[in-house]
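Model, not experiment: these values are computed from the prediction. For this chain, numbers begin at 1 and follow the sequence in order.
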Amino acid sequence: MSSQVIPVEEFDYVVFGGTGDLAERKLIPALYHRHAAGQIVDGSRIIGAARSDMATEAYRDFARKALEEHVRRDLLDAADVDSFLARLAYCAVDAKSDKGWAELKALLGDEDRVRAYYLAVGPSIFGDIADRLDQNGLIRERSRLVIEKPIGKDLASARALNAVVGKHFREDQIFRIDHYLGKETVQNLMVLRFANALYQPVWNAAHIDHVQITVAETIGVEGRGDYYDKSGAIRDMVQNHLLQLLCLVAMEPPASIEANAVRDEKLKVLRSLKPVDQDTVGQVTVRGQYKAGAAHGEAVPGYLDEIEDKGSDTETFVAIKAEIETWRWAGVPFYLRTGKRLPSRVSEIVVQFKPVPHNVFGKAGAEMHPNRLILRLQPDEGVRQSIMIKDPGPGGLRMRDVALDMTFAENFEADAPDAYERLLLDVIRGNQTLFMRRDEVEAAWEWIDPLIDGWASTAQKTAKYTAGSWGPTASIALIERDGRTWHEAEG
Ligand code: BG6
């Protein structure tokens, strides 16, 4: 099966922070892939914008290096690379002064086409850029703004940031990226749930025992210590990625796939989360921080060796037992866990169904396992549904747990595209379904803030775990107390 490529209309993508890490590792490679796939029509341009002076030729060199480093060699075609680089231009622009804005305006010209402004810069200058775009008449009907996390560090700062960009752009022009929503399996979750009659009737507390969402990473903080130490896993991963995944599992069927229909349903889930505060935080959350250990057989330093503040108690691991207070989900725990320096890089959602109500098989029935639906986000994107079958052959009745395997890698010619490929072009299509609306971001903080405050007021410290292990033992106890176990997530 090869995927169908439908070109998007002509656009200008202006990437503020065009020489930064995100542009280099993700945005330029993603746009290259879409260009090579034939999805970007002639005339579309990508304009890098940053403070330093640089000629367009030098920017193209920068982009060529980014491609060489971050695109698989067999996907780098010399002719495609050249035609891609020819789309690139550079403009030196200073967010804090008038420098470069007239030049940017001249470069963009007067043509009425889709313009996307991607702010691949720190949130502290979102407001400056939005102000200057407006002052210079660069925001038009078909202009769009793309921003990324961190969207605030708590509810108040998220509101302030949303207000700063909302002053100049309408909500339907603002695309808040959560790159987890662009992952193939995450979109497949919606298709699985709403394009099959099979799951909907059993997707509730009567049939589902619990849900597990694991996002495990092997990497440490990778030179991002300054940012990370102020965020920790709760702000870096849970407030956005894990809660978004939880919403897609738990939301009611939307009336359509239209952006606001989907986002209305996600918002209801966030607002139905059982509050976690100082009275409950100690029972339903675990914080961890890695100490020196091993990754892939090699010794790796501990978190405190990698950051400035040697007394930091920032968590690099979190496990949470979350609950959703609705008729559909009452009594069904959603166990969330994420951490750095875990044994394998694996992200998955496990939906564990209840056991059958009665064993008709006598002793042989002891082999029965409850069904599990496993949605693997990475690596090896795919979906597995475990079911019980009879072990083939004569003799006594034996049973076996087998997986109906819908692994994408075997079903598609190419690898699953990177999340950014889809999201960057959804911005041009004007499709906000996979982007977070203002109220969603704020509702997520409304749930996270009391949890973090609870940690502070109860002085809940991180439990140390050895790099290369599955986090603190308290995380195992969190789920085992309820008579359940973490699914063994092999990478
Ligand atoms: C980012 C976090 O949002 O997601 C990082 O800031 C994390 O800390 C990354 O490593 C994980 O993304 P992925 O796509 O590699 O799972």
Side-chain angles (χ1 to χ4, degrees), residues 149-150 152-155 158 180 209-217 228-247 249-250 269-291 303 312-325 329-342 347-350 352 443-466 469-487 489:
K149 64 168 254 274
K153 60 175 181 40
D154 55 17
L155 178 60
Y180 266 62
D209 179 72
H210 74 278
V211 175
Q212 299 182 14
I213 301 178
T214 296
V215 177
E217 298 187 89
Y228 194 88
D229 202 44
K230 290 189 215 88
S231 304
I234 191 84
R235 294 187 174 93
D236 186 49
M237 298 295 287
V238 179
Q239 188 273 343
N240 36 76
H241 307 324
L242 276 87
L243 284 186
Q244 286 292 320
L245 298 182
L246 175 143
C247 284
V249 175
V269 174
L270 291 167
R271 292 197 170 145
S272 310
L273 282 167
K274 184 174 176 179
V276 177
D277 56 22
Q278 57 179 9
D279 298 331
T280 51
V281 75
Q283 293 134 43
V284 300
T285 71
V286 173
R287 305 177 70 215
Q289 187 188 77
Y290 62 85
K291 52 185 189 186
Y303 177 69
S312 166
D313 194 45
T314 297
E315 76 287 344
T316 59
F317 177 97
V318 192
I320 302 177
K321 176 183 174 182
E323 287 178 81
I324 301 167
E325 298 185 305
W329 296 116
V332 180
F334 281 65
Y335 298 98
L336 316 179
R337 65 174 168 166
T338 183
K340 297 211 181 274
R341 288 281 188 232
L342 299 186
S347 299
E348 63 181 23
I349 301 169
V350 179
Q352 168 90 49
W445 281 120
E446 265 170 76
W447 186 70
I448 292 284
D449 275 1
L451 189 159
I452 297 179
D453 291 347
W455 281 345
S457 61
T458 61
Q460 187 173 329
K461 297 282 167 233
T462 58
K464 306 293 182 253
Y465 62 97
T466 308
S469 72
W470 275 108
T473 48
S475 148
I476 298 166
L478 176 80
I479 192 165
E480 293 197 344
R481 260 203 310 272
D482 295 342
R484 302 174 173 118
T485 49
W486 289 113
H487 180 245

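Inter-residue side-chain proximity for V238 and L451 is flagged as unmet; no heavy-atom pair is nearer than 4.5 Å. Within the 4.5 Å cutoff, the side chain of L242 has no heavy atoms near those of the V318 side chain.
Sorted by first and then second residue, the pairs that involve residues 230-244 and meet salt bridge (Lys or Arg N to Asp or Glu O under 4.0 Å), not counting sequence neighbours, are K149-D236, R224-D236. A salt bridge (Lys or Arg N to Asp or Glu O under 4.0 Å) check over residues 273-291, counting only residues at least two apart or in different chains, returns the pairs K274-E323, R287-D313, R287-E315.
Annotation: side-chain contact (heavy atoms from CB on, under 4.5 Å) contacts of Q244 (sequence neighbours excluded): D178, L181, K266, M436, E440. The side-chain hydrogen bond (donor to acceptor under 3.5 Å, both in side chains) check on Q278 picks up S457, with sequence neighbours excluded. Every residue was checked against the side-chain hydrogen bond (donor to acceptor under 3.5 Å, both in side chains) condition with T485, not counting sequence neighbours, and none meets it. For W455, the side-chain hydrogen bond (donor to acceptor under 3.5 Å, both in side chains) partners are T285, not counting sequence neighbours.
Across all non-hydrogen atoms, the minimal contact from F317 to W470 is CE1-O, 3.8 Å. Of all non-hydrogen atoms in A444 and L243, the two that sit nearest each other are CB-CD1, 3.9 Å.
Between Y180 and H241, the angle of the ring planes stays under 30°, which puts this pair in the parallel group of the 30/60° scheme.
S475 and W486 share a side-chain donor-acceptor pair at under 3.5 Å.
With hydrogens and angles disregarded, no donor-acceptor distance shorter than 3.5 Å links the side chain of W445 to the backbone of A158. Panel note: side chain R337, backbone V286; no donor-acceptor pair is recorded below 3.5 Å. Under the 3.5 Å distance criterion, the side-chain polar atoms of T316 are left unmatched by any main-chain donor or acceptor of K340. For the pair Q289 (side chain) and T314 (backbone), a donor-acceptor distance under 3.5 Å is present.
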| field | Worked check of side chain to side chain contact (heavy atoms under 4.5 Å, CB included) between L342 and T214 | value | CA-CA 11 Å; L342 299 186; T214 296; 5.9 Å; no
